[in-house]
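Let me begin by presenting the structure, written as structure tokens, before commenting on it.
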Amino acid sequence: MTDCLFCRIVRGEIPTSIVKEDDELVAISDINPQAPLHALVIPRRHIATLNDLSAGDDALVGRMVRFAAGIAADKGYAERGYRTVLNCNRDAGQSVFHIHLHLLAGRALGWPPG
Ligand code: AMP
Ligand code: ZN
């Protein structure tokens, strides 16, 4: 998946603002932020959609969620609250087909989402 946008970002081929990274995950600032904190937690390995996850990815997905919680805590939003979102395919508005977890914080977020 050499031409996938997020594969290129995690390889460092496209400039981005890295929030946090480890051996499996990279969190970046969303280019079009929808809240004062809007980060994307991206696995280094290419997985197109949630439909492509297998049982072997369970630990990876859990790690993505805890990674986001760690960023929220680091930024001071743990108590106030934050939202995590995983969009899958057309009706959810997925626009980049490499899974990523949105982390949004810093304002009151409406529910239900649009
Ligand atoms: P989704 O609609 O769930 O697929 O989310 C894709 C997200 O990627 C959107 O919130 C975009 O603003 C964001 N995005 C697209 N291109 C970039 C980029 N080059 N750097 C950071 N975020 C991006
Ligand atoms: Zn990719």
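Atom set for the values below is all heavy atoms of this structure, side chains included, hydrogens, waters and symmetry mates excluded.
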State which residues pass side chain to side chain donor-acceptor pair (under 3.5 Å) with D57; sequence neighbours excluded, sorted by chain then number. R45, S54

Following the transitive rule for hydrophobic clusters with a side-chain heavy-atom cut-off under 4.5 Å over Ile, Leu, Val, Met, Phe, Trp and Tyr, establish whether I71 and V65 coincide in one cluster. yes

Is V96 reachable from I99 through a run of I, L, V, M, F, W or Y residues, each pair having side-chain heavy atoms under 4.5 Å apart? no

Assess whether a salt bridge exists between D23 and R63, defined as any Lys/Arg side-chain N lying under 4.0 Å from an Asp/Glu carboxylate O. yes

Does A48 offer a backbone N or O that forms a donor-acceptor pair with the side chain of Q94 under 3.5 Å? yes

Would you mind reporting whether D22 and F67 have side-chain heavy atoms less than 4.5 Å apart? yes

Do side-chain atoms of R83 reach the backbone of G110 as a donor and acceptor pair under 3.5 angstrom? yes

Between the side chain of Q34 and the main-chain N/O of N32, is any donor-acceptor distance below 3.5 Å? yes

Calculate, to the nearest 0.5 Å, the distance between atoms CZ and SG belonging to R11 and C4 respectively. 8.5 Å

Note: V19 and A39 closest approach over all heavy atoms is CG2-CB, 4.4 Å

Okay, side chain of E79, backbone of G81: is any donor-acceptor separation there less than 3.5 Å? no

Give a yes or no answer on whether the side chain of R80 reaches the backbone of G106 with a donor-acceptor pair at less than 3.5 Å. yes

Quick one, I28 and V10 - any side-chain contact, counting heavy atoms below 4.5 Å? no

Calculate, to the nearest 0.5 Å, the distance between atoms CG and CG belonging to L60 and L25 respectively. 6.0 Å

Which label fits H38 and H102: parallel for a plane angle under 30°, tilted from 30 to 60°, or perpendicular past 60°? tilted

Distance check, rounded to the nearest 0.5 Å: N87 atom CG versus S95 atom OG? 8.0 Å

Same apolar cluster: L101 and V26, side chain cutoff 4.5 Å: no

Any side-chain heavy-atom pair of Y77 and L37 under 4.5 Å: yes

With clusters defined by side-chain heavy atoms of hydrophobic residues (ILVMFWY) lying less than 4.5 Å apart, directly or transitively, does L50 cluster with L103? yes

Are H98 and P43 packed together at the side-chain level, in the sense that at least one heavy-atom pair is separated by less than 4.5 angstrom? yes

Is it possible for you to say whether L86 and I47 belong to one hydrophobic cluster, with membership spreading through side-chain heavy-atom contacts below 4.5 Å? yes

Does N51 have any side chain to side chain contact (heavy atoms under 4.5 Å, CB included) partners at least two apart in sequence or in another chain, and if so, which? T49, C88, N89

Remaining members of the apolar cluster that contains V85, side-chain heavy atoms under 4.5 Å: L104, L109

In the structure I gave you, are the side-chain heavy atoms of D74 and K20 within less than 4.5 Å of one another anywhere? yes

Closest approach of V41 to M64 (non-hydrogen atoms, all atoms of both residues): O-CE, 3.5 Å

Is any side-chain heavy atom of F6 less than 4.5 Å from a side-chain heavy atom of H46? no

